[in-house]
There are 2 protein chains.
Amino acid sequence: MDTSTVGERTAEQPSPIDRIEHAQAHELVVDQIRRAIQLGRFLPGDRLPAERDLAGLLGVSRATVREAIRVLEADGVVSVRRGAHGGLVVNRLHAMDTRTLRARLKKQARELNDIFDYRLVVECMAARLAAERRTDEDLVYLGEVLERMAELAADPGGEHGAHITAQFNAADTEFHLGIASAAANPYLIEGAEKMRRAMFLPVGAVFSQLRTDANDIHAAIFDAIKDSDADAAEHHMRQHVEATRKAMADLLKPAGDA
Amino acid sequence: MDTSTVGERTAEQPSPIDRIEHAQAHELVVDQIRRAIQLGRFLPGDRLPAERDLAGLLGVSRATVREAIRVLEADGVVSVRRGAHGGLVVNRLHAMDTRTLRARLKKQARELNDIFDYRLVVECMAARLAAERRTDEDLVYLGEVLERMAELAADPGGEHGAHITAQFNAADTEFHLGIASAAANPYLIEGAEKMRRAMFLPVGAVFSQLRTDANDIHAAIFDAIKDSDADAAEHHMRQHVEATRKAMADLLKPAGDA
DNA sequence: GTGCAATGGTCAATTTTGTAGTCCTTTGAC
DNA sequence: GTCAAAGGACTACAAAATTGACCATTGCAC
């Protein structure tokens with residue numbers, strides 16, 4: 001055997017150095033736009049800024065933005081309309097019937113579980129710290145979001161029920177991220193945002209049912225933060241997260257329903 | 001006033017879309033090499049793989065690797081030696097005397113606090129889940145690391161005390177990341193690694209003192225994980241992290257010493 | 001209806017970044 | 001002293017992004 005090969009034998013040397021993943025500019029743009037949509041900053045039906053504006057906001061050329069748009073379009077996330085009041089329109093989530101959804105969640109059960117394990121610790125700590133550190137501004141902001149959610153929960157919805165749900169969801173995201181912001185720990189903020197994005201699909205599908213339930217416990221969390229009661233804030237947040245986890249697990253288990 | 005400008009007035013529209021940060025290839029390489037060093041995969045005095053090998057491992061061209069090396073060199077992280085058994089050598093951390101260190105830590109006090117808040121929740125949950133999920137392989141691995149740390153703690157060190165400390169630190173990192181691995185939750189693994197990297201500087205400077213203390217509690221954590229006692233695992237981990245936080249805080253406060 | 005302005009669609013020229021391959025230089029071990 | 005294993009330097013090429021201009025479509029105001 002000659003000795004010219006680099007590694008001893010062909011055995012894999014477990015190197016502590018990983019390959020570089022050099023994303024292209026348009027991939028980063030895709031991710032950034034997806035992120036905004038997943039965090040509910042743009043709702044289905046909303047128009048994104050025009051290509052030229054996006055290029056400016058993102059700090060890349062228009063050509064790059066257009067590459068990204070092609071990807072998002074192919075993925076069904078946005079639609080492109082030409083002409084004067086055209087532009088980029090966020091699509092509705094492809095509606096999944098209960099069966100499809102359940103199959104999908106089941107396949108991702110393990111992943112969902114990981115997400116919730118992580119979410120639990122991150123959001124509980126965020127709630128605790130928020131109770132200790134929140135400013136008056138934080139309270140005003142959270143209060144407004146809560147108010148908005150209450151109105152949305154009261155709205156019967158009717159025809160545009162899906163849109164109400166989307167709005168509610170966006171507000172819910174703002175509430176949870178707002179708590180992380182009040183906790184003023186960048187690691188927690190980042191973690192909370194990551195959770196939200198990871199739950200985008202599953203939650204979007206499930207949450208239409210538990211709107212009103214959520215409101216009460218949100219209020220409890222808010223009050224605890226307002227009263228600077230860290231233990232209570234953590235407690236309620238734990239209940240809330242576990243309730244959400246359970247709601248999703250329930251959707252998975254029972255063979256009943258349509 | 002003409003209406004040609006895009007935004008109404010010059011007021012900043014708080015857009016939900018951030019600028020893209022398009023890192024160049026060599027920056028990613030710098031980060032990857034830094035990561036390996038900060039996680040203790042390469043200790044001071046160790047040689048990194050040769051440029052050509054690094055290029056292969058990282059999946060980039062040699063020119064790109066060389067750009068990265070120039071950055072790391074300028075930053076004092078590695079030294080370059082030409083000739084036959086030359087190559088890239090990891091430098092010792094610039095030794096900081098207690099005064100300098102304290103000044104530095106003080107300036108980063110807030111940041112350190114954030115790190116520890118986050119570390120606490122991530123590592124406690126990791127310990128808990130590790131107790132529930134660890135495989136026999138995990139136990140063997142953690143046991144080996146623990147063993148190694150015990151030997152290093154026993155070693156008087158003498159002249160090469162700094163090197164012993166570096167080795168101990170690397171083993172400590174392996175222990176904590178090993179627990180996160182045993183918890184088998186990718187979010188926790190990522191979080192734990194991020195913590196480690198963030199603590200690279202401060203810990204490296206402080207830890208020479210509390211080697212032996214750490215060993216006992218590490219053993220306690222290990223036993224709890226072995227016994228699948230989640231509560232105990234979390235409890236000991238909490239104690240451990242808090243002790244470390246305290247050690248660092250102590251270094252900050254007292255005017256004595258030096 | 002007409003025209004305008006806003007928007008996406010297309011293209012070409014240029015610059016920047018990264019790769020591939022070659023050869024040179026230094027240096028330690030045998 | 002020789003040689004092999006490094007880093008150093010250079011050239012030619014390929015790929016990715018930017019820039020800027022111009023075209024095509026469409027809805028709204030008049």
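Side-chain atoms are counted along with the backbone in the values below, which use heavy atoms only and exclude waters and symmetry mates. Below, read A as the first sequence line, B as the second, and so on, with proteins coming before strands; counting in each chain starts at 1.
Taking atom CD on B/E67 and atom C1' on D/dG7, their separation rounds to 16 Å, with Å as the unit. Rounded to a whole Å, the CZ atom of A/R19 is 10 Å from the P atom of C/dT19. At whole-Å resolution of the value, CG in B/L58 and C1' in C/dG18 are 14 Å apart. Whole-Å rounding puts the B/I69 CD1 to D/dG7 P distance at 7 Å. One can place CG of A/L72 at 14 Å from P of C/dG8, the figure rounded to the nearest angstrom. With rounding to whole Å, A/D53 atom CG is found 10 Å from C/dA6 atom C1'. In this entry the distance linking CD of A/E51 with C1' of D/dC22 reads 15 Å, nearest Å.
For B/R66, the side-chain atoms get nearest to D/dG7 when compared with the rest of C/dT7, D/dG7, D/dT18.
With sequence neighbours excluded, no residue forms a side chain to side chain contact (heavy atoms under 4.5 Å, CB included) with A/R19. The side chain to side chain contact (heavy atoms under 4.5 Å, CB included) search around A/V77 returns A/R34, A/I37, A/L72, A/D75, not counting sequence neighbours. Partners of B/S181 under the side chain to side chain donor-acceptor pair (under 3.5 Å) rule, at least two apart in sequence or in another chain, do not exist in this structure. Among residues two or more places apart in sequence or in another chain, the ring pair (Phe, Tyr, Trp, His ring centres under 6.0 Å) test is passed with B/F175 by B/H218. In this view, B/A170 and B/L43 satisfy the side chain to side chain contact (heavy atoms under 4.5 Å, CB included) rule, not counting sequence neighbours. By the side chain to side chain donor-acceptor pair (under 3.5 Å) test, A/Q38 pairs with A/R197, sequence neighbours left out.
Residues of residues 20-29 of chain A that place a heavy atom closer than 4.0 Å to DNA chain D, in numerical order, are A/Q24, A/A25. Using a 4.0 Å cut-off on heavy atoms, the residues of residues 73-81 of chain A that approach DNA chain C are A/V80, A/R81, listed by number.
B/I17 is listed as a side-chain neighbour of A/F42, based on a closest heavy-atom distance under 4.5 Å. When side chains are defined from C-beta on, A/E123 does not count as touching A/I179, because their heavy atoms never get closer than 4.5 Å.
Listed pair A/T64 / D/dA16 fails the phosphate criterion, with no side-chain N or O lying under 4.0 Å from OP1 or OP2.
Put simply, the side chain of A/H22 gets close to the backbone of B/A23: a donor and an acceptor are under 3.5 Å apart. Using a distance-only test at 3.5 Å, with no hydrogens or angles considered, no donor-acceptor pair links the side chain of A/E151 to the main chain of A/R148. Using modelled atom types, one side-chain atom of A/E27 and one backbone atom of A/Q24 make a donor-acceptor pair closer than 3.5 Å. At distances below 3.5 Å, not a single donor-acceptor pair connects side-chain atoms of A/D114 with backbone N or O atoms of B/N185.
Along DNA chain D, the nucleotide nearest to A/R52 and the one nearest to B/A63 differ in position, and the one closer to the 5' end is contacted by B/A63. Both A/R62 and B/L88 sit near DNA chain D, but only B/L88 has its closest nucleotide nearer the 5' end.
Applying the side chain to side chain donor-acceptor pair (under 3.5 Å) test to every pair with at least one member in residues 77-88 of chain A, sequence neighbours left out, gives these pairs: A/S79-A/N91. Sequence neighbours left out, not one pair with a member in residues 36-48 of chain B passes salt bridge (Lys or Arg N to Asp or Glu O under 4.0 Å).
Rounded to 10 degrees, the angle separating the terminal axes of the helix from C/dG1-D/dC30 to C/dC30-D/dG1 is 10°, with each axis obtained from five end pairs.
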Identify the pairs formed between an N or O of the protein and an N or O of nucleotides 27-30 of chain C at a distance under 3.5 Å, and give each distance.
from, atom 1, to, atom 2, distance (Å)
C/dT27, O2, B/A84, N, 3.0

